[in-house]
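One structure below.
Naming convention: chains lettered A, B, ... in sequence-line order (proteins, then strands); numbering from 1 in each chain.
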Amino acid sequence: MPELPEVETIARGLHKRVAGDCIEDIWLSGKSPTFKSKPAEIAAILPGTCIRAVRRMGKHIVFDLESAGRKKKPQGIAKAKSRKAPALVAGPQWIVHLGMTGRMVVSDPSEESVKHTHAVLGLASGRELRFIDPRRFGRLSVVSAGNFEAGGVEPLEVNRERFVELFRGRKTPIKSALLNQKLLRGVGNIYADESLFRAGIRPRRRASTLSREQLERLYVSVQEVLKEAIALGGSSVSDYVDADGEEGFFQLKHRVYGREGERCLSCKTPIKRVVFIGRSSHYCPNCQK
DNA sequence: AATGAAACCTGACAGC
DNA sequence: TGCTGTCAGGTTTCAT
């Protein structure tokens with residue numbers, strides 16, 4: 001389901017709703033392979049913690065936790081360090097990957113839980129935080145503070161030079177590289193196709209055959225597409241909804257994804273769909289070289 | 001090293 | 001009504 005813009009939207013929504021709340025109890029379905037950490041470990045760590053922040057790293061949702069009733073440590077020690085030192089992370093982190101069909105909702109306990117609910121956290125405010133995932137490609141795990149490795153660089157934080165260097169000289173098709181989370185984290189099938197269209201590059205072009213100018217254009221395209229999508233709350237292609245149950249609207253702005261056979265918006269050539277690396281790729285055979 | 005297919009799962013939808 | 005086949009926003013693992 002979710003790529004960077006959807007996960008960003010969900011994480012912001014969750015932060016607004018549950019930051020500051022505390023986890024009192026937990027229920028887990030135990031169904032594999034939902035749990036990357038053992039369910040018993042998750043059940044042992046989460047209750048008794050408070051949610052300091054909810055944020056996104058790549059396609060992961062990160063819950064920064066701290067032990068309930070314990071104040072943040074004084075930060076005097078950090079003073080001597082450089083201004084660039086990262087904020088101290090007090091407690092464990094709960095990491096949620098939504099896979100293809102994962103959803104997180106804040107519910108009243110009186111609401112019946114839907115099929116494929118795999119985790120329910122009881123919050124001190126009386127509400128419940130629920131994780132629902134029909135296909136079970138999502139993953140839940142806990143890590144100790146600062147131990148989480150999300151992969152490559154953030155597309156919206158990387159500078160142009162680093163971006164170009166990530167791809168320059170690689171023999172792999174540029175779309176494979178864009179989807180490789182160890183290089184760039186957060187871009188998935190929709191936004192790879194949309195970015196490549198805007199940059200005028202075919203998905204199968206080998207990265208090594210792209211000029212610096214083309215890579216710079218791709219850099220701009222990726223950032224524009226992601227920013228526009230976040231502004232519209234993501235793309236709701238089939239069942240994606242954010243933490244408030246609201247659909248996104250970026251699917252209305254797709255120029256190639258899901259538009260096979262329809263006319264290209266800039267040249268009227270029918271959009272093509274080809275399958276490679278096991279996924280659909282959509283492109284305009286005229287505009288993209 | 002690097003491509004690519006298969007596997008992990010369920011549900012929706014099209015066609016017969 | 002029901003069967004079969006295809007497709008789906010992701011990632012990992014195994015074979016070539």
Notebook entry, point to check: When you check the side-chain N and O atoms of A:D242 and A:T9, is any donor under 3.5 Å from an acceptor?
Noted result: no
Item checked: d(CZ, A:R185; P, C:dT11) in whole Å -> 13 Å
Note to self: Minimum heavy-atom separation for A:K59 and A:V187, please, with both atom names.
What the structure shows: NZ-O, 3.3 Å
Notebook entry, point to check: Taking only N and O in the side chain of A:R170, is any of them less than 4.0 Å away from OP1 or OP2 of B:dA1?
Noted result: no
Note to self: In this structure, how many angstroms lie between the P atom of B:dC9 and the CZ atom of A:F35, rounded?
What the structure shows: 13 Å
Next item on the list: Would you indicate what A:S176 reaches in the nucleic acid, counting non-hydrogen atoms under 4.0 angstrom: base, sugar-phosphate, or nothing?
Entry: nothing
Item checked: Below 4.0 Å: OP1/OP2 of C:dT11 and any side-chain N or O of A:K59 -> yes
Next item on the list: In plain terms, say whether A:R212 and A:E216 are close enough for a salt bridge, that is, a side-chain N and a carboxylate O under 4.0 Å apart.
Entry: yes
Checklist line | Parallel, tilted or perpendicular: ring planes of A:F250 versus A:H254, cut at 30 and 60 degrees | finding: perpendicular
Next item on the list: Kindly say if A:K31 contacts the phosphate of B:dC9, meaning a side-chain N or O under 4.0 Å from OP1 or OP2.
Entry: no
Check: Charged N to carboxylate O below 4.0 Å: is that the case for A:K253 and A:E228?
Finding: no
Note to self: Let's see if you get this right: which residues in residues 130-138 of chain A place a heavy atom under 4.0 Å from DNA chain C?
What the structure shows: A:R135, A:F137
Checklist line | Least distance between heavy atoms, A:K175 atom then A:D193 atom | finding: NZ-OD1, 2.7 Å
Next item on the list: Specify the separation, in whole Å, of atom CG of A:L179 and atom C1' of B:dG4.
Entry: 14 Å
Next item on the list: When you get a sec, tell me which of B:dG11, C:dA8, B:dG4 is the closest nucleotide to the side chain of A:F276?
Entry: B:dG4
Item checked: Nucleotide B:dA2, atom P - distance to CD1 of A:I277 in whole Å -> 15 Å
Check: Mind checking the C1' distance from C:dT11 to B:dA12? Whole angstroms is fine.
Finding: 23 Å
Checklist line | Nearest-angstrom distance from the residue atom CD1 of A:I190 to P of C:dA8 | finding: 11 Å
Checklist line | Atom-to-atom span, CG of A:L184 to C1' of C:dT11 - whole angstrom | finding: 16 Å
Margin query: From C-beta outward on A:P33, which listed nucleotide comes closest to its side chain: C:dG9, C:dT11, B:dC8?
Written below: B:dC8
Checklist line | Among C:dG9, B:dT3, B:dG11, the nucleotide that comes nearest once only the side chain of A:K171 is considered | finding: B:dT3
Next item on the list: Identify whether any heavy atom of A:G278 sits under 4.0 Å from a base atom; if not, whether one sits that close to sugar-phosphate; answer base, sugar-phosphate or nothing.
Entry: nothing
Notebook entry, point to check: Rounded to the nearest Å, what distance is computed from the NE2 atom of residue A:H118 to the P atom of nucleotide B:dC9?
Noted result: 11 Å
Next item on the list: Determine the stems involving DNA chain C; a stem requires 3 or more consecutive pairs of the Watson-Crick or G-U wobble kind, each with both distances below 3.5 Å, and the answer is none if no such run exists.
Entry: B:2-8 with C:10-16, B:10-16 with C:2-8
Notebook entry, point to check: Under 4.0 angstrom, heavy atoms only, what part of the nucleic acid is A:Y257 near: base, sugar-phosphate, or nothing?
Noted result: sugar-phosphate
Margin query: Looking at A:E8 and A:R12, is there a salt bridge between them, counting it only when a charged N and a carboxylate O are closer than 4.0 Å?
Written below: yes
Margin query: Does B:dT3 have its OP1 or OP2 closer than 4.0 Å to a side-chain nitrogen or oxygen of A:T172?
Written below: yes
Item checked: Whole-Å C1' distance, C:dT12 and B:dG11 -> 23 Å
Note to self: What's A:R204 touching, base or sugar-phosphate or nothing? Going by heavy atoms closer than 4.0 Å.
What the structure shows: sugar-phosphate
Notebook entry, point to check: Quick one: do A:E262 and A:R259 make a salt bridge, cutoff under 4.0 Å?
Noted result: yes
Checklist line | Electrostatic pair A:K227:A:E224 at N-O distance under 4.0 angstrom | finding: no
Note to self: Are A:H282 and A:F197 an aromatic pair, judged by ring center distance below 6.0 Å?
What the structure shows: no
Check: Among B:dT10, B:dC8, C:dG10, which is the nearest nucleotide to the side chain of A:H116?
Finding: B:dT10
Next item on the list: Spell out, with a plain yes or no, whether A:C267 and A:C287 have SG atoms under 2.5 Å apart.
Entry: no
Item checked: Any donor-acceptor pair under 3.5 Å from A:R206 side chain to A:K171 backbone -> yes
Notebook entry, point to check: Of the nucleotides B:dC9, C:dC7, C:dG9, which has the atom closest to the A:S32 side chain?
Noted result: B:dC9
Could you go over nucleotides 12-16 of chain C and give all protein N or O partners under 3.5 Å, atom names and distances?
none

Check: Has A:H97 got a side-chain N or O lying under 4.0 Å from the OP1 or OP2 atom of C:dG10?
Finding: no
Next item on the list: Mind calculating the distance between CD (A:E6) and C1' (C:dA8) to the nearest angstrom?
Entry: 14 Å
Margin query: Using the P atom as the point on both nucleotides, what is the distance between C:dT6 and B:dA6, in whole Å?
Written below: 13 Å
Margin query: Please check if the number of heavy atoms outside A:K289 that lie under 6.0 Å from its NZ is greater than 12.
Written below: yes
Check: Which whole number of Å gives the distance between the P atom of C:dC3 and that of B:dC9?
Finding: 24 Å
Note to self: Check A:D64 with A:R55, please: is the shortest side-chain N to carboxylate O separation under 4.0 Å?
What the structure shows: yes
